[in-house]
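A, B, ... follow the sequence lines: proteins, then strands. Residue 1 opens every chain.
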There are 2 protein chains.
Amino acid sequence: MTRALQGHPAVRDETRRKVEAAARRLDYRPDHIARALVTRTSSTVGMLIPSSVDSFWGEVAAGIEEAASEANYSVLFANSHSQPERERRMIEVFLAQRVAGIIIAGAAGESASWFCGEEPDVPVVIVNWDAAFPARFVPIVRTGSPQRVLKAVRAATETDASFSQIVFDDLGGAQQVVRHLVSLGHERIAFVGAEPIRPSLLRVLGFRSALLEAGLPLGAIVSSPRSPEGGFQATQDLLTSPPDDLPTAIVAYDDATAIGVIRAVHAHGIDVPGAMSVIGFDDIEMAAFSEPPLTTIRQPRREMGRMAMASILSSIRGESAQRSSVLPGELVLRRSTGPPPGR
Amino acid sequence: MTRALQGHPAVRDETRRKVEAAARRLDYRPDHIARALVTRTSSTVGMLIPSSVDSFWGEVAAGIEEAASEANYSVLFANSHSQPERERRMIEVFLAQRVAGIIIAGAAGESASWFCGEEPDVPVVIVNWDAAFPARFVPIVRTGSPQRVLKAVRAATETDASFSQIVFDDLGGAQQVVRHLVSLGHERIAFVGAEPIRPSLLRVLGFRSALLEAGLPLGAIVSSPRSPEGGFQATQDLLTSPPDDLPTAIVAYDDATAIGVIRAVHAHGIDVPGAMSVIGFDDIEMAAFSEPPLTTIRQPRREMGRMAMASILSSIRGESAQRSSVLPGELVLRRSTGPPPGR
DNA sequence: TTGTACGCGTTATCAG
DNA sequence: CTGATAACGCGTACAA
């Protein structure tokens with residue numbers, strides 16, 4: 001029975017063969033449900049992502065599934081649509097399904113609400129906390145002191161010791177972006193897509209600090225939804241400012257926004273990158289196929305998913321996993337950035 | 001106990017309240033695992049998609065998850081990467097997890113292999129069968145008789161009576177596309193992205209039949225991988241033919257391909273749509289933000305996912321679900337198509 | 001090395 | 001209307 005099929009050492013070869021033959025004849029399939037009931041732990045992990053329509057999260061999910069599948073785990077999937085209420089509900093469902101671990105990607109809500117304030121009894125790992133802040137944080141991120149911004153970010157995403165985290169280095173990525181533009185000679189740089197969510201706060205902060213470091217004035221920081229439409233609209237507005245205030249480069253919150261930015265810039269008859277450089281963030285698949293192809297910061301999405309699953313697995317094995325990883329981005333040079341006009 | 005929490009009719013209000021109070025005090029959570037063991041059916045469905053990175057399947061998945069979640073079902077998710085071998089393996093895993101139903105989207109393999117030739121004991125629904133054909137089918141789809149092509153498609157995707165199907169009307173969609181171009185005055189129309197997979201065979205067939213119906217000559221049909229890179233390369237090749245043979249419009253296999261096609265056309269200094277119309281298929285999110293925005297056929301992806309889940313649910317309830325639905329597309333007019341030059 | 005109870009947390013059934 | 005009890009299919013500990 002169990003021993004034969006599971007490859008227990010203390011079982012005669014002949015017996016094992018007989019059992020296996022019988023199993024095949026009846027096409028016996030071990031029942032994961034019954035197994036989970038007795039072992040008190042299923043081989044399933046819960047994965048909560050904001051939206052499977054978004055290829056960014058789709059690739060994180062692919063990394064998670066890949067690593068899970070290799071370890072013979074299954075993954076239960078749910079979209080949170082960035083709604084804290086749905087996050088809570090789906091976590092509840094995962095718990096009722098007795099998952100062996102939970103991966104929460106792009107979390108919008110507060111960790112305190114997820115487990116009714118108690119320590120969860122399964123490992124939990126956070127991927128790229130996208131916590132939303134009250135809108136009153138937008139002015140702070142623009143002009144508040146860096147200390148104040150960082151304090152706000154930390155306060156809103158402070159986690160109990162029970163959560164591991166795999167997060168992208170948004171601050172450092174934004175700094176890389178600005179340094180690249182500065183090295184090309186840009187001196188008036190704007191940011192499009194500021195929003196009261198964690199990664200945006202950090203990217204704007206990186207934007208500001210790199211500008212400060214280069215001794216350049218702070219450019220315009222405009223808000224917009226994270227979408228081509230949002231970037232398009234916000235850039236339309238931006239471009240109506242007096243000509244001598246016009247930036248020579250625009251840092252977009254992400255690639256989707258950047259694509260809208262480029263379209264708006266083109267709509268004003270301005271060449272990219274001849275007269276205006278545009279830079280994205282994420283390196284989504286389309287980034288390479290916009291016109292012009294987008295210079296951007298690549299997030300190791302699939303790797304982040306794999307790491308999240310790996311973290312769950314090592315927690316399950318009782319190894320004390322690394323608490324928290326901050327992954328660096330990589331600047332991908334394409335053709336949407338170049339020297340400012342007249343250089 | 002059970003009766004009180006589940007809202008059984010035959011239980012006194014006072015008793016129910018007492019039970020509920022106790023449940024809350026011990027924060028009791030009914031264990032889905034144990035429940036599944038005794039009821040012999042879990043509230044989980046298996047969902048197999050080719051790739052969660054692809055926003056097309058991501059949206060189908062979103063529809064499935066949405067409908068599942070509304071019906072208090074969970075979804076187990078796996079990527080098949082279009083590998084028949086992986087399809088088989090993941091289906092096996094789903095079965096071992098005792099799922100209540102299985103949704104197979106973009107199936108690449110043959111249904112016969114999925115359940116060892118036996119009837120599955122859970123409802124199964126197919127979404128958009130992407131079955132691969134031997135490469136020798138490419139010439140057939142270009143020049144073979146329509147009957148022969150249809151026969152090939154049917155043979156490779158014939159399903160046992162146990163499978164429901166939700167499939168898109170690829171043939172009709174391609175006909176709509178060509179009719180649109182014909183109505184604009186185009187007479188030389190090419191197809192880029194033919195491949196030996198089911199939807200491609202049907203789209204090429206629709207392309208051919210609509211051309212025939214309009215009394216126009218059959219244009220070039222070139223093969224390419226379904227990606228911007230593929231479309232770009234194939235179009236580069238196409239545009240090197242003698243100028244008087246040049247088409248005035250290109251039908252791309254899908255939007256991703258179309259974006260590569262447009263880039264190649266632009267790279268040859270040809271204006272879209274002034275000198276060349278390009279039309280896509282699917283209406284992915286980026287279609288609206290390519291330059292120029294892509295005219296395309298919209299597939300009701302989310303709705304297809306919802307229908308798949310609805311079909312599973314009605315099978316579970318024992319209702320005899322509709323065997324098979326063929327969903328029509330919708331032409332989305334944007335700016336990548338226009339009259340041919342000189343009209 | 002192998003056979004055999006027992007119990008995991010539910011639901012269903014049957015007797016009170 | 002309610003309380004007790006027998007499965008569900010597996011892993012495991014203990015006896016043979």
Measuring from the side chain of [X] (C-beta onward, heavy atoms only), which nucleotide among [options] has the closest atom?
{"X": "A:Gln6", "options": "D:dG11, D:dG9, C:dT11", "value": "D:dG11"}
{"X": "A:Thr39", "options": "C:dT1, C:dG9, D:dG11", "value": "D:dG11"}
{"X": "B:Arg12", "options": "D:dC1, C:dG7, D:dC8", "value": "D:dC1"}

TODO: Go through the steps to decide whether B:Arg88 and B:Glu110 satisfy the test salt bridge (Lys or Arg N to Asp or Glu O under 4.0 Å), and finish with yes or no.
DONE: CA-CA 10 Å; B:Arg88 262 241 324 269; B:Glu110 300 165 32; over 6 Å; no

May I have the distance from [X] (atom [atom1]) to [N] (atom [atom2]), rounded to whole angstrom?
{"X": "A:Arg16", "N": "C:dG3", "atom1": "CZ", "atom2": "P", "result": "14 Å"}
{"X": "B:His32", "N": "C:dT10", "atom1": "NE2", "atom2": "P", "result": "10 Å"}
{"X": "A:Lys18", "N": "C:dT1", "atom1": "NZ", "atom2": "C1'", "result": "13 Å"}
{"X": "B:Ile33", "N": "C:dC8", "atom1": "CD1", "atom2": "C1'", "result": "11 Å"}
{"X": "A:Leu5", "N": "C:dT2", "atom1": "CG", "atom2": "C1'", "result": "15 Å"}

- [ ] Measure up the B:Phe115 and B:Phe163 rings against each other and bin them: parallel (under 30°), tilted (30 to 60°), perpendicular (over 60°).
- [x]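 Because their plane-to-plane angle lies in the 30° to 60° range, the rings of B:Phe115 and B:Phe163 count as tilted.
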
TODO: Using a heavy-atom cut-off of under 4.0 Å over every strand shown, decide if A:Arg29 touches base, sugar-phosphate, or nothing.
DONE: sugar-phosphate

Open item on the list: Regarding B:Val11, tell me which of base, sugar-phosphate or nothing describes its non-hydrogen contacts under 4.0 Å with the strands shown.
Closed with: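 Since only primed, P, OP1 and OP2 atoms lie under 4.0 Å of B:Val11, the category is sugar-phosphate.
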
TODO: Measure across A:Ala107 and A:Ile104 and return the closest heavy-atom pair with its distance rounded to 0.1 Å.
DONE: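 Of all heavy-atom pairs spanning A:Ala107 and A:Ile104, the closest is CB-CG2, 3.8 Å.
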
Open item on the list: A quick test of your reading: do over 12 heavy atoms of other residues, nucleotides or ligands sit less than 6.0 Å from CD of B:Glu285?
Closed with: no

Short side-chain N/O contact from [X] to OP1 or OP2 of [N], under 4.0 Å:
{"X": "B:Arg35", "N": "C:dG9", "value": "no"}
{"X": "A:Thr15", "N": "C:dT2", "value": "yes"}
{"X": "B:Arg40", "N": "C:dT11", "value": "no"}

